[in-house]
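So that the names make sense, note that chain A is the first sequence line, chain B the second, and so on, each numbered from 1.
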Amino acid sequence: MRYSEMHLPTGREIPSDAEVVSNQLMIRAGMIRKLTSGIYSYLPLGYRVIRKVEQIIREEMNKAGAQEVHLPMVQPAELWQESGRWNYYGKELLRFRDRNNRDYCLGPTHEEVITDLVRNDIKTYRQLPCNLYQIQTKFRDEVRPRFGVMRCREFGMKDAYSFDADEAGAEKSYQKMFTAYNNIFRRCGLQYRPVEADSGSIGGSFSHEFMVMAESGEDAIVFCEQCNYAANLEKAEIARPEKNAHREKDWLPMESIETPAVRTIEEVSSFLNVSSRQIVKTLIFNADGKPCAVLIRGDQEVNEIKVKNYLGAAELTLADDEIIMKATGAPRGFAGAVGIKVQVIADYSIMNLVNMVTGANKEDYHLKNVNIGRDFQVEFFADLRVSEPGDTCPRCIGAIKFVRGIEVGHVFKLGTKYSKAMKASYLDKDGKEKTMIMGCYGIGIGRTVAACIEQNFDQNGIIWPMPLAPYAVIVTPVNINEPDVMKASEDIYAELLACGVEVILDDRDERAGVKFKDADLIGIPLRIVVGPKNLAQGHVELKIRRTGKSSLYATGDVVTEVRKIITSELNEAS
RNA sequence: CGGGGCGUAGCGCAGCUUGGUAGCGCGCUUGCUUUGGGAGCAAGAUGUCGAGUGUUCAAAUCACUCCGCCCCGACCA
């Protein structure tokens, strides 16, 4: 395409409300524009990149045996009531009414619609397995949209849903998608890694997230340097420690100490001059309306997702003052396990502690030399805390590392959560009715593009990996008013077009510097510079965006060289 | 939802404290010069100063209300 005819509004200034690099560059490079909070338009350049990602996804999904469909974005409330999510999903689900006053929502995900579709058309095991996918707009009314298209409210997503007759089949479908996802992200030229994850509100039993490594990522991930264990921080397991032999001879008599207005771990630690590792933090949670005390070592953090999963609670929040008062008989800050009137579970971290410090369940008092078994009982010990540096790998004995990542894909083994609620069943060989087993698999398209930029930029702009580049080459005549220069540029441009290379001819009447800056900003991997001095020798310059290296080629050879580079970079990724 | 910040030309910002003709840089238009890393000179165009109400002879500026956007937190695919 001729640059002079393109709608490609680039900008020099960094937009004041763009926080992360990818957002700044996507706006400056004329890829996106914000319409309103969390809602973006894609301009021609941006949309080309989106389509590149979509194309790679389509190829790999099709190869994995999935078939493309297109489901409605506007969905009737009835389906969501049937699955139980109309009430459960919360404010993220954008609801509205039509002229007949019927309730609808904008689809934040499509489990309900696809399950409805499949249950009506699939009746027998002969029609299974079945994997359907779509690339479609989702709407989630995010509490706080941020980072441009990385976390927005309206966004393009590829979502796939598998239906199987039995567990073994479901496992196979999951593996196929897992492989397809690896192919997709590798082909996109991303540095990524699949990690074990919590399945969240989508539900289900097992899941992996595909994380693109980036400092700006919203997720923390842990991985083992020795084995291949990797998990989202919220999922990262901590091995059960060895239980020490009872050392009851070390137990000191329990004492009650007055600690006026001393509430937090730091305050207790300095007031009593004991290490926070010796103090037990007692957190009262409200689990579906039932109070529960969670004990953990003072210097560590409770992982609420683990607590929630452990208790099997649908909703878990920290208890309010009223519940705390009722459970402990004291205001916030003095809770302890001794004599507490609620269920007590404890993190492994306190399993081997002796002579602990805890709250006394009495205002302005703490207890010293508290011991498990003598002074209170623990119903269960479990892994309930947040993983931290220094922990060892739960699978081997290696040290774990922490990095940040952007979640670009997520695969879930759903089981029968939706098929059961919505009665998606089939007849098996014996004519018995059985529930289908489902999996669901998502990829954020725009987020993948943004994540790619987070990994591929420099001070001058974006550096596209070849597979996602909106154009592979830009031909830059240094001065369009020199007939020879322009003629040579046009010839090279025509030749590239003729062999199907995606190419821009920068035919604008701008100074060379402006053209170079724009080419760098929009990140075109290869640039052919046609200038009068080199041309007089029969040469043009080929510059590689990523390395900044340039070399001279005869005007007749440069196209061959460019095609060679494109082919090799595309093959390298696949 | 809690805390904080911002809203003035397409973009980035000044002006507001102490009320009195709406400004700067970039971009845009025209002309001349220039032409290998965001050119120079000259002449121009572009604003319901987020909205409303109030105070005042007079409001971008002061007060109140509302709206929008961003950040931190809470929350969450």
Side-chain angles (χ1 to χ4, degrees), chain A residues 9-20 23-24 27-28 30 33-39 85 88-93 107-111 138-148 150-153 155 157 159 197-204 207 209-211 217-219 232 234-235 304-305 308 315-318 405-412 440-444 446-447 459-461 476-482 485-486 489 506 508-521 527-536 539-541 543 545 548 550 552:
Chain A
T10 57
R12 190 190 302 218
E13 311 267 7
I14 297 171
S16 60
D17 57 0
E19 199 69 9
V20 292
N23 192 211
Q24 293 171 355
I27 293 166
R28 287 188 54 209
R33 292 290 181 260
K34 182 169 71 188
L35 179 63
T36 184
S37 180
I39 300 182
R85 287 205 291 187
Y88 185 72
Y89 212 94
K91 285 193 169 175
E92 240 178 80
L93 187 64
T109 172
H110 281 72
E111 281 82 7
K138 300 280 186 275
F139 194 94
R140 297 181 186 175
D141 201 355
E142 285 283 345
V143 189
R144 182 140 99 82
R146 59 185 137 175
F147 303 152
M150 203 106 93
R151 180 170 221 75
C152 51
R153 298 194 292 171
F155 60 98
M157 181 172 175
D159 47 323
D198 186 71
S199 44
S201 76
I202 300 276
S207 88
E209 291 169 335
F210 285 78
M211 292 286 191
E218 290 188 273
D219 291 278
N232 191 310
E234 63 188 31
K235 171 79 177 179
E304 291 192 22
I305 289 166
K308 190 172 163 182
E315 214 170 328
L316 184 85
T317 52
L318 271 172
I406 301 163
E407 181 193 344
V408 290
H410 202 160
V411 293
F412 296 86
C440 77
Y441 318 93
I443 293 177
R447 189 183 278 188
Q459 57 182 4
N460 292 315
T476 306
V478 152
N479 184 342
I480 64 162
N481 299 312
E482 303 220 18
V485 167
M486 212 43 211
S489 302
D506 194 347
R508 294 175 299 167
D509 189 7
E510 290 285 353
R511 295 166 63 91
V514 173
K515 297 184 180 190
F516 294 155
K517 288 285 184 193
D518 276 332
D520 285 351
L521 177 62
R527 187 173 84 203
I528 299 171
V529 182
V530 185
K533 285 180 206 126
N534 287 326
L535 193 58
H539 291 147
V540 293
E541 179 187 333
K543 185 155 185 170
R545 172 70 179 90
S550 63
L552 294 178

Between atom CG in A:Leu318 and atom P in B:C75, what is the gap in whole Å?
8 Å

What is the nucleic acid contact for A:Arg527, judged by heavy atoms within less than 4.0 Å: base, sugar-phosphate only, or nothing?
base

Residues A:Arg527, A:Glu541: salt bridge by 4.0 Å N-O rule:
no

Quick check: do A:Pro108 and A:Phe139 have side-chain heavy atoms less than 4.5 Å from each other?
no

Would you give the length of the straight line joining atom OG of A:Ser207 to atom NZ of A:Lys235, rounded to the nearest 0.5 angstrom?
7.0 Å

Taking atom types as they are modelled, is there a donor-acceptor pair under 3.5 Å from the base of B:G25 to the side chain of A:Glu13?
yes

Using modelled atom types and a 3.5 Å cut-off, is there a donor and acceptor pairing between side-chain atoms of A:Arg153 and backbone atoms of A:Pro145?
no

Please report the distance separating the P of B:G19 from the corresponding atom of B:A74, rounded so that it comes out in whole Å.
43 Å

Starting at atom NZ of A:Lys517, determine the distance to atom C1' of B:G27, rounded to an integer number of angstrom.
17 Å

Check if the side chain of A:Asp520 and the base of B:G37 share a donor-acceptor pair of N or O atoms closer than 3.5 Å.
yes

Shortest non-hydrogen separation from A:Ala197 to A:Asn232 and the atoms involved
CA-CB, 4.4 Å

Exercise: identify the closest heavy-atom pair between A:Asp506 and A:Arg508
OD1-NE, 2.8 Å

Can you give one letter per nucleotide of nucleotides 2-7 of chain B, 5' to 3': B if a protein heavy atom sits under 4.0 Å from the base, S if only from the sugar-phosphate, - if neither?
------

In whole Å, what separates the C1' atom of B:A59 from that of B:A22?
13 Å

In whole angstroms, how far is the P atom of B:C11 from the CG atom of A:Leu521?
17 Å

Quick one: label A:Asn534 by what it contacts on the DNA or RNA (base, sugar-phosphate, nothing), any heavy atom closer than 4.0 Å.
base

Reckon A:Arg144 has a side-chain N or O less than 4.0 Å from the OP1 or OP2 of B:C71?
yes

Starting at atom CG of A:Asp506, determine the distance to atom C1' of B:G36, rounded to an integer number of angstrom.
13 Å

Choosing from B:C76, B:U35, B:C70, which nucleotide comes nearest the side chain of A:Asn481?
B:U35

Closest to side chain of A:Glu541, choosing from B:C69, B:G36, B:C75
B:G36

Pairing nucleotide - B:A39, Watson-Crick or G-U, each distance under 3.5 Å:
B:U33

Partner nucleotide, any strand, of B:G25 [Watson-Crick/G-U, under 3.5 Å]
B:C11

N-O pairing of A:Arg146 and A:Glu19 below 4.0 Å
no

Closest heavy-atom pair, A:Phe412 versus A:Tyr441, reported as atoms and distance to 0.1 Å, is O-CE2, 4.0 Å

How far apart are the closest heavy atoms of A:Glu111 and A:Cys440, and which atoms are they?
OE2-SG, 3.4 Å

In whole Å, what is the span from the CD atom of A:Glu510 to the P atom of B:A39?
8 Å

Between NZ of A:Lys91 and C1' of B:A74 the distance, given in whole Å, is 13 Å

Between B:C70 and B:G50 - C1' atom distance, rounded Å:
15 Å

If you compare every side-chain N and O of A:Lys543 against the phosphate oxygens of B:G36 (OP1, OP2), does one of them come in below 4.0 Å?
no

Strictly distance-based, threshold 3.5 Å: is any side-chain N or O of A:Lys515 a donor or acceptor partner for the main-chain N or O of A:Pro477?
yes

C1' atoms of B:G37 and B:G23, separation to the nearest Å:
32 Å

Nearest-Å distance once atom C1' is located in both B:U33 and B:C16
42 Å

Please compare A:Met157 and A:Ala18 by the position of their nearest nucleotide in RNA chain B and report the one closer to 5'.
A:Ala18

Is there a Watson-Crick or G-U wobble partner for B:G2 with both distances under 3.5 Å, and which nucleotide is it?
B:C72

Expressed as a whole number of Å, how far does the C1' atom of B:G4 sit from that of B:U8?
22 Å

In whole angstroms, the gap separating P of B:C1 from CG of A:Asp141 amounts to 12 Å

Classify A:Arg447 by what it touches in the nucleic acid, base, sugar-phosphate, or nothing, heavy-atom distance under 4.0 Å.
base

Nucleotide of B:U35, B:G68, B:G36 approaching A:Arg511 most closely (side-chain heavy atoms):
B:U35

Please tell me if A:Arg12 has a side-chain N or O lying less than 4.0 Å from either OP1 or OP2 of B:G27.
yes

What's the gap between B:A60 and B:U53 when it is taken at their P atoms, as a whole Å value?
14 Å

OP1, OP2 of B:C72 versus side-chain N and O of A:Arg146: anything below 4.0 Å?
yes

B:C64 - base-pair partner by Watson-Crick or wobble geometry, distances under 3.5 Å
B:G52

Quick one: label A:Asn479 by what it contacts on the DNA or RNA (base, sugar-phosphate, nothing), any heavy atom closer than 4.0 Å.
base

C1' gap between B:C13 and B:U34, integer Å
30 Å

Can you find a donor-acceptor pair, distance only, under 3.5 Å between A:Arg151 side chain and B:C76 base?
yes

Return the value, rounded to whole Å, for the distance between atom CZ of A:Arg28 and atom P of B:G12.
12 Å

Which residue, A:Ser16 or A:Asp518, contacts RNA chain B at a nucleotide closer to its 5' end, judged by nearest heavy atom?
A:Ser16

Between B:C70, B:C76, B:G36, spot the one nearest the side chain of A:Lys34, thanks.
B:C70

Side-chain atoms of A:Thr36 come closest, of B:U35, B:C26, B:C69, to B:C69

What is the pairing partner of B:G20, taking Watson-Crick or G-U wobble pairs with both distances under 3.5 Å in any strand?
B:C57

Are side-chain N/O atoms of A:His539 and A:Lys533 paired as donor and acceptor at under 3.5 Å?
no

Using a heavy-atom cut-off of 4.0 Å across all strands, would you classify A:Thr476 as base, sugar-phosphate, or nothing?
nothing

